[in-house]
Amino acid sequence: MLSMSTIDEFIVFLRNLAEKWSNLYEEDRVFEADPSEGEPKYFLTAAYMYPNAPIHVGHGRTYLIADVLARFKRLLRYNVLFPMGFHYTGTPVLVRVEAILENKAKEIESMSRTFNIEVETLKKLRDPVSFARYFHELSKTVMKKYGLSIDWRREFTTVDPEYKSFIQWQFTKLLEKDLLIRGTYPVGWCPRHGMPVSMHDTEGDVEPEVGELTLIKFTDEYGVKYPVATLRPETVLGVTNIWVNPEARYCISRVNSEVWVTSCEATTKLKQQLKSVEILEEVGGGTLVDRELVNPVTGERVRVLPASFVNPKFATGLVMSVPAHAPYDYAALRDYVEKNLGGVWTRELMPKPLIQVSGYGEIPARNAVEQLGVRSQSDVELLEEATKRVYRDEFERGIFRPDAVAYVVSRDSRVLSYLEKHVAGKPVPEAREAVRALLEEIGVYDSMYEVMNAPVRCRCGSEVAVKVLENQWFINYGSTEWKNLTREALKDMRVVPEEARRGIEATIDWLRERACARTRGLGTELPWAPGWVVEALSDSTIYMAFYTVVHRIRKLGVKVEKLGEYFWDYVFLGLGDAREVAAKIGISVEDLESMRREFLFWYPLDSRHSGKDLIPNHLTFFVFNHIAIFPRELWPKQIVVNGWVLVEGAKMSKSKGNVKLLGNLMDTYSPDALRLGLAFGAEVDQDLDLNEETVLSAARQLMKIYNTIREILHRVSGDSERPQDIWLRKTLATHVVNYVEELENVRIRAAALRVYVKMLEDLETYLKWAREPGRAAVDYIATWVKLMSPYTPFIAEELWRTLGGRGYVAKSAIERELVVRDTLFEFEQKYVDLVIEDIKSVLDVVSGDTVAVYTSDRELSWIVERVAEDVARGIDLSETVRKLSRDLAKAGIRQPDRVVKSIREAVSYIGPEVVLKYLKTTGGIDEFEILSKLQGLVATRLGLKNFVVYRASDTSTPDLGGRKSRAFPLKPGIYVTQSTY
RNA sequence: GCGGGGGUGCCCGAGCUAGGUCGAAGGGGUCGGGCUUAGGCCCCGAUGGCGUAGGCCUGCGUGGGUUCAAAUCCCACCCCCCGCACCA
């Protein structure tokens, strides 16, 4: 063992240790976990990685948290399973391979740079599986070097035939439970690619917003339908006319069984939306002007009028004019009246008010148009604003006027009574829904989808339109029953951090049907729907179960074709007859049963780890699917989500070129230093800003620890029962207890600071105090190394062997007797902390190197006890003062409020339970005894030349500075002087 | 728009679910000192104001309120970040 003098030297040393010990881990198969009946087990998984790039520090953080927990649980004698797989499913790999195949120099360059891979190597990755395989293997090597305590026998990829069989089984189960349904679904679609587009496929990364518009079919005298498009079907009662754009081309076509007039652009869209469309004739918009159409609800005849604002590219290119409530219509109509009728409004064109809304007059659209000073229908900006306001106010506060029913001239009693009952006097949202239903009822309703934020362009330049996909498969997360069960399951789960729970709950609430299959990408085909591949977020929900048996399937050499539904049914659900199933697969009953047993040994999953970005999708699906497939006793128990890793305050991304690869960082800093840096950086819930300094200072701290340990082992003497030694032993036990508690609560950072900072400080205090390190120091170190092993496994292994440990520290356990809380010591320790703090605050104002303290009497412990009882019960300070004042006065204590307050503060710091327990055990607090015993500690920690303790009541001692009277329970009087020499 | 999370001292960031132990942990920066040929690293001290004894005043987005007592509870407002689906 060498003494390390420079940090560079030390990092080289750490790197070599990592190399050495990770190889040994592999050779000795240290982390292979097999069921051991009767022992406690812990099964945890982190989200498997998507190998379209090398593993980066973001993965590194998630995996580290899982690994620390895994190793920690082993220290507590759990049989721990921590496996890892690789997620090939999906399309991103396809995109990268396309770039390679098309020899796109820029893309390849950029991949080469960010991934730190030779261009020539990349060019060889010419199919998706090879591409994924390459990064898979690369990342796996890095994970091993990183020290992840993974059982690699269970590794798999999601395109392995066994996995596909498993996914097919899962989806068959979902289908059987009616949770997998088939339907149509509108998507943003690029006509050129013939592919759905989402945000990252569009120019400027715009998400195409698909909205559904109501079509209301107006009719002409020949029975031809004019489907007008609207978002506000309830305003059909106030239509004065229909708008067409006279400049646009309109098509008369056969749509399904009817003849429709729409803009010619609309015919293409209707075709995409599952309508059969046959164009019969094309006409200019102008020829439609002045036609008379019948309003299917009111029976009124309205005319077609020209308007330039009508966009033929949007919806059907036909718009119903509701001048009372639509600013555009009002403005256009005003233009028309002025130009063609000399400004005189005919009775037919008069706005028909339908909705009453506070803050507006009879005709809201007119109010808004006039208020904003709209000049004409081409005043687009102002009209947009006016429309927004009127729509919003009417939607939120508007009431449908009962007298509006009078616009129904047909006197159709069915329509009238319906309107009276469901529309008149109702708030707008309700009226809207009712009118929509009425339209459907009387057969004049239809709908179409439109890109609401058009134009959205695909990266190829073509405009995105809506296409309705047929035979799309959905997982029905909208099922109420399923939602309720999932909520219930979540209630019983631990979520770390707790704030993330609300995110999951909210996701459960709004989740509806989710398309779960695509026509492109790697993955598993739905057995009954050739061509449809299960999409990546849907084939990764219950795979944790797969880990429990995959290695056995492989070892037994089971033919994949034989892995039918019955196999998974038996292993995971215990369904079917073991002998029959075994026979079908061609394995022994014993092997089959032992797989079932292994699954039951590891399940339920104890902890699931991922980044917080997966809350709204993966993690929620994970809970849902477990609930759907597995019985209640096998539902997962814990979710741990961690924040991002930021680089210099910015999120990592390929485009910024600031992706930090795990492999590179380890080469620079060594695995142990990187792990410790990440652990120090932030508690799990926060984002961690990675900078060189954090990692370097972690390395320095490690070096300091290493050198200190080395020094002690050289200097150690045989002493073991001095006060210093006893103090050190007890301090160690306190650390162990708190460490266990912290890690049980996944407070990775807090525990790391304890082990690598506080424990070193305490050891240094001991060294200063004791001068010669004794046996206790070696014992301290022996346990300390164990506590380090979850964070910095490699140096811990090395130290473990140096100390004469056998095997691996990774397989060692913390002595049970150390994990016991020593309340008495805890009390004394915290009491001393308080005294030291007090003295420090005096030393802030007065300088000196000699301190005398006067301790309060043991007889006054009853005050502490009564205050502690009150604190424990949550009783107010004033209440306590009131209760105690008489007794305090009797005891000759003035200023009871001040005394009680100071005791209360001390008690709160120490902890009322600790105080009470201490009193109960010892019968009273002898502060003089405690301080005398730890005199050396106080002097050492404060760097004092002299530290003396007196009893305040001892009349034989000098009353320096009159401080005797300042002694209160838990708060000694303090006197500071400067020594003369 | 809907939903989730936030706004703390020069900066970053704990603490806020159980109100007093909070002038507010821990970093960083800055200033002073030590170490060093020098720099770096490291160590010590200081870092709202006042005070020669453990104290007082002012303070945790803004404005109110509850309370003996609020960064912590309640109300209103302002601002920031992140999701919103077939995409991993």
Side-chain angles (χ1 to χ4, degrees), chain A residues 5-7 47 49-50 52 87 89-93 185 187-188 196-201 207 209-210 392 395 469 472-475 477 497-507 509-519 521 534-538 540 612-618 621 643-644 649 651 680-683 685-687 689 691 693-694 696-697 700 703-704 749-750 753 757 830 834 837-848 871 874 876-879 881-882 897 901-912 943 961-963 966 971-976:
Chain A
S5 51
T6 74
I7 190 68
M49 73 168 280
Y50 188 78
N52 68 334
H87 199 190
T89 310
T91 51
V93 155
Y185 192 68
V187 291
V197 292
S198 65
M199 191 154 65
H200 21 269
D201 306 316
E207 179 77 43
E209 286 168 30
V210 175
R392 189 192 55 215
F395 184 77
L469 294 177
Q472 174 64 270
W473 289 91
F474 301 89
I475 298 179
Y477 292 116
E498 193 50 41
E499 296 82 64
R501 182 186 298 277
R502 307 209 31 184
I504 302 175
E505 281 168 352
T507 309
D509 287 345
W510 66 255
L511 221 47
R512 293 192 296 276
E513 301 82 13
R514 181 191 166 86
C516 63
R518 316 193 49 165
T519 50
V534 177
E535 155 279 337
L537 282 165
S538 301
S540 55
K612 66 178 177 186
D613 47 329
L614 297 186
I615 291 174
N617 41 60
H618 165 72
F621 300 163
W644 315 106
K651 207 178 144 182
F680 274 165
E683 209 54 271
D685 55 320
Q686 311 157 205
D687 294 341
D689 195 356
N691 55 50
E693 245 341 283
T694 329
L696 271 180
S697 68
R700 275 185 222 110
M703 180 163 90
K704 210 166 142 188
R749 177 171 180 264
L753 288 171
V757 180
K830 290 203 160 165
L834 282 172
E837 274 312 302
D838 250 3
I839 297 174
K840 264 191 186 164
S841 69
V842 177
L843 287 170
D844 278 347
V845 256
V846 187
S847 57
V871 173
D876 286 350
L877 173 64
S878 56
E879 179 73 17
V881 173
R882 192 148 8 101
D897 51 336
K901 192 178 176 205
S902 101
I903 294 176
R904 205 183 138 98
E905 279 171 7
V907 164
S908 303
Y909 174 75
I910 298 169
R963 292 282 129 189
R966 290 296 295 252
K971 201 150 169 103
I974 298 163
Y975 184 75
V976 178

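Worth saying up front: this structure is predicted, and the values here are computed from it rather than measured. Throughout, a chain's letter reflects where its sequence line sits, starting with A, and its residues are numbered from 1.
- For B/A14 and B/U30, the P atoms lie 23 Å apart once the distance is rounded to whole Å.
- A/Arg501 meets the salt bridge (Lys or Arg N to Asp or Glu O under 4.0 Å) test with A/Glu498; sequence neighbours excluded.
- Checked against B/A88, B/A85, B/G4, the side chain of A/Thr91 finds its nearest nucleotide in B/A88.
- Among the duplex regions that RNA chain B forms, those built from at least three successive Watson-Crick or G-U pairs under 3.5 Å are B:1-7 with B:78-84, B:10-12 with B:26-28, B:29-34 with B:42-47, B:48-50 with B:55-57, B:61-65 with B:73-77, ordered by first number.
- Comparing B/G4, B/C42, B/A53 against the side chain of A/Arg700 picks out B/C42 as the nearest.
- For A/Trp510, whose side chain is taken as the heavy atoms from C-beta onward, the closest listed nucleotide among B/A88, B/G5, B/C84 is B/C84.
- Contact annotation: A/Lys612 does not reach the phosphate of B/G6 (side-chain N/O to OP1 or OP2, under 4.0 Å).
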Atom pairs, N/O to N/O, protein against nucleotides 10-15 of chain B, distance under 3.5 Å?
{"unit_1": "B/A14", "atom_1": "OP1", "unit_2": "A/Gln686", "atom_2": "OE1", "d": "2.6"}

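- Here the nucleotide nearest the side chain of A/Glu499, chosen from B/G6, B/A85, B/C41, is B/G6.
- Listed candidates were B/G5, B/G54, B/G3. Nearest to the side chain of A/Ala506 is B/G3.
- At the heavy-atom level, A/Glu513 lies under 4.0 Å from base atoms of the strands shown.
- Comparing the P positions of B/U72 and B/U21 gives a spacing of 14 Å, expressed to the nearest Å.
- Scanning for side chain to side chain contact (heavy atoms under 4.5 Å, CB included) contacts around A/Arg749 gives A/Glu683, A/Leu753, with sequence neighbours left out.
- Evaluation of the side chain to side chain contact (heavy atoms under 4.5 Å, CB included) rule for A/Ala536 yields A/His87, A/Thr89 as partners, not counting sequence neighbours.
- Residues meeting the side-chain hydrogen bond (donor to acceptor under 3.5 Å, both in side chains) test with A/Ser538, sequence neighbours left out: A/Glu535.
- Considering only side-chain atoms of A/Lys704, the nucleotide from B/A88, B/C43, B/A85 that sits closest is B/C43.
- Between A/Arg502 and B/G5 there is a side-chain polar atom (N or O) within less than 4.0 angstrom of OP1 or OP2.
- For A/Tyr50, there are no ring pair (Phe, Tyr, Trp, His ring centres under 6.0 Å) partners, not counting sequence neighbours.
- In terms of the salt bridge (Lys or Arg N to Asp or Glu O under 4.0 Å) criterion, residue partners of A/Asp687 (sequence neighbours excluded) are, by chain and number, A/Lys612.
- For A/Asn617, taking side-chain heavy atoms from C-beta onward, the closest of the listed nucleotides B/A85, B/G4, B/A88 is B/A88.
- Comparing B/G54, B/G83, B/G5 by their nearest atom to the side chain of A/Pro616 picks out B/G83.
- Remark: A/Tyr975 pairs with no residue by the ring pair (Phe, Tyr, Trp, His ring centres under 6.0 Å) rule, at least two apart or across chains.
- Side-chain proximity of A/Tyr975 to B/G5, B/A85, B/A53: nearest is B/A53.
- For B/C22 and B/C56, the P atoms lie 14 Å apart once the distance is rounded to whole Å.
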